[in-house]
Structures are given as structure tokens and as C-alpha cells.
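Every chain is numbered from 1 and lettered A, B, ... according to where its sequence line falls, protein lines coming before strand lines.
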Number of protein chains: 2
Amino acid sequence: MADNPKSRCPKEFFDFVVRRGLRQTPQRRAIVELVVSTRQHFTAEQLYDWARARDASVSRATVYRTLTLLTESGLIQELELGKEVKYYDPNYVAHPDHNHIICLDCGKIIEFDSPEIDQQAQKIAQDLGFAVKSRRLQILATCDELQKTGHCSRKAD
Amino acid sequence: MADNPKSRCPKEFFDFVVRRGLRQTPQRRAIVELVVSTRQHFTAEQLYDWARARDASVSRATVYRTLTLLTESGLIQELELGKEVKYYDPNYVAHPDHNHIICLDCGKIIEFDSPEIDQQAQKIAQDLGFAVKSRRLQILATCDELQKTGHCSRKAD
DNA sequence: CTGACTGCAAAGGCTTTGCAACCAG
DNA sequence: CTGGTTGCAAAGCCTTTGCAGTCAG
């Protein structure tokens, strides 16, 4: 859905690492590189699998610890999708205000921006006496294509 | 925030119970009555405490089991607020499409409806080839009052 | 060298489940 | 009576943490 180049230099993250007086380790590097090179949403377990494939020495503990750092640095954002586990979204750097459509048919997650909705939300909050810090809109929907053709071309992704 | 009468007869739920061939037990009744008589959001643990106060024989297991039934019956809805635990919202029956503002200052959760946003969301989803089943919009915000006066009158609730 | 980082396994915290007794209909 | 329900305690699951060894800077 998004259209930013597929990989970004993890500079943002290593700035953060330096600022915090942290260190750069092979495990950390493997995990971070994976995260910045995908636009997919992923779970801790998935990231653990990916990382293991690159560097078998990576442990779950390090994945979780790095996930915390990545979230704090703003490189990823936690996603509560109403599914069992937590997902992480690496696309907030490129699209800080994007929203999600979650397909109930195939589980696919589509992202979209909507300045109109942002504006509306902004106005409503203001009227109620609040200053918006962030917002998240999730739309649960069924897929027209699947309903009509019995096949979902998005399912592949 | 909402403005429906403060208590509703759990008829909807007992219809559901009958339809499913379930039974009506004192524990179940206690829990359901608590749920339909509040407009507050609550956690499983809170509900457990409330229920214990009414009927000390209620166990956590029954609370969780009843929570599942209540969710399936549509009387409450799970809420992912980005906090540690899951919350439950009993106000969807009265306001099926309401949204939430979560105050980062005091933690208070304010509900609001917005036909405009619903409509926008509807349109966007349609354009992308989806049929909206439900949506949830959460706005994280800070409270003007607290920022200005250092005191939040909503905190009381 | 020093203290941040790691893996491992144990511990946590919330939720689910197996089981035998119980009781609603 | 029958089988849905319950409480209890054990089990599950995902995530966090204590610890001793390791390694980045």
C-alpha cells in the first residue's frame, strides 16, 4: 500500500542508540536491519524467526528487548489489531498518520491516509477540550472481490 | 458521556442464552446484571471484584467464561486501548458506532459519535474495494483543562 | 577495562482448561 | 435425570527478568 522506497538506512535508530549511550551488537543490527527493510506488519515471533534465519544466535529475549528500543525510538509502532498477539508496524516513519483496513476475509491489512478524517478528529477533540497527540482508525471490512469471485488477489501478499 | 438510561433489562442477553440452549445461573445473573447496569469500561479483574461483592461464590473462571458469552451476544465489546490489559465496553448497544478519546493526562476515556467520520471511512473503504463491517477510532490526546489549570475535573469520574 | 548486551531458563501476569461436583430445567 | 455450569488448581501463552558470561568501545 505505502509507496516509500523499500529499505531505509537505520540511521535514525543508530542516532537513537548513540544518544542513549547504547551499543551496536551483531544481534541488534540483524534485527534492526530486518525491521527497516520491510513494510510488512509483524509479530515478535515472526521477527524472531526472521532474525534466527540471519543469525542463529539471536534469542527471543533480545528480540523483545530490541522491539522495546525500536518502539521508543519511534521506528516502529505497536499495533493492537484485536488479534491474539501484538503486531508491529514499521510504516509510521513514512506515514505518521496512516490508518488500517483489516480484511475479515483474508486477514490482510491495508493502509491508507485520510487528511479529511484527521481534520474531523482534530475538530471533534478540540471541541471537547482535548489536544490530539495521535489517533488510530481501524476499519474492519469484508473484501468485495472475495465476495463476488470467491478469490482474493490480495491474499498472496 | 453517553446518554442512554443507566440500566437496561438484560433481555437481549437472555434471549441469546435461550437461543444457545444455555442456562441461567446465579453467578451468570450477577455478572450480567452488573454489566448492563454500568456504562463504565472495565477489565476482567474489575468485573470479578464487582461480582464478588455481590456473590462471593463467583470465580475468575466464570467471569472470563461469561465475558466471552457477553461479547458473542454483542452486549459488550472488547476494547484494545494500548494499555496492558483488555477493557470491555458496554455502550455499543446504545451507540454502535461510537469512538474514543483517551486522555493521556488522566486516563479518562471519553466517547463520541461522528457520522462525518463514519461516512468518510465508509467512502474510503468502498473505493478500496471493501465493505465496512465496523470501525474503531481512538484519539490519544492531552486535556486542555489540565494543561492550563493543572487540574482535571474529569478525573473524578 | 567497564559496563552494556546476550542467551538461558525461570518467573510473571493474564486467560484458558480439565475435572469432578453441582444444579437448572 | 441430563448435560450445561461452576470453582479450583493446573496449564498455557506471550513477555519480562535475574544472572553470569561476553563483548563493544
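- One can place CZ of B:Arg20 at 19 Å from P of D:dG3, the figure rounded to the nearest angstrom.
- Contact record, B:Ala125 with B:Val132: CB-CG2, 3.4 Å, taken as the closest heavy-atom pair.
- Phosphate contact (OP1/OP2 of C:dT2, side-chain N/O of A:Arg23, threshold under 4.0 Å): absent.
- Rounding to whole angstrom units, OH of residue A:Tyr48 and P of D:dC13 are separated by 16 Å.
- Residues A:Glu111 and A:Asn91 have side chains that bring a donor and an acceptor to within less than 3.5 angstrom of each other.
- Between D:dT5, C:dC5, D:dT15, one nucleotide has an atom nearer to the side chain of B:Leu22 than all others, and that is D:dT5.
- In this entry the distance linking CD of B:Gln27 with P of D:dG4 reads 17 Å, nearest Å.
- With hydrogens and angles left out, the side-chain atoms of A:Tyr48 and A:Arg52 include a donor and acceptor closer than 3.5 Å.
- Atom CG of B:Leu67 is separated from atom P of C:dT17 by 14 Å (rounded to the nearest Å).
- For the atom pair CG of A:Leu70 and CZ of A:Phe16, the computed distance is 8.5 Å after rounding to the nearest 0.5 Å.
- Protein atom CG of B:Asp49 is 12 Å distant from nucleotide atom P of C:dC14, rounded to whole Å.
- Between A:Phe42 and A:Tyr88, the two ring planes are parallel [angle under 30°; tilted spans 30° to 60°].
- Taking side-chain N and O atoms only, A:Tyr64 has a distance below 4.0 Å to OP1 or OP2 of D:dT15.
- In this structure, B:Tyr87 places its OH atom 11 Å from P of C:dC14, rounding to the nearest Å.
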Extract from the structure each pairing of a protein N or O with an N or O of nucleotides 8-12 of chain D at less than 3.5 Å, listing the distance.
none

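- A donor and an acceptor atom never sit less than 3.5 Å apart when one is taken from the side chain of B:Arg60 and the other from the base of D:dG7.
- Ring to ring, B:Phe112 and B:His98 are not that close: their centroids are 6.0 angstrom or more apart.
- If you measure from atom CG of B:Asp55 to atom C1' of C:dC23, you get 14 Å, rounded to the nearest angstrom.
- Between B:Arg29 and A:Thr66, the one whose closest nucleotide on DNA chain C sits nearer the 5' end is A:Thr66.
- Across the interface with DNA chain D, nearest-nucleotide mapping of B:Gln24 and A:Thr68 shows B:Gln24 to be the residue nearer the 5′ end.
- Counting heavy atoms from C-beta on, the side chains of A:Arg54 and A:Glu33 come closer than 4.5 Å.
- Distance B:Tyr88 OH to C:dC14 P: 13 Å, rounded to the nearest Å.
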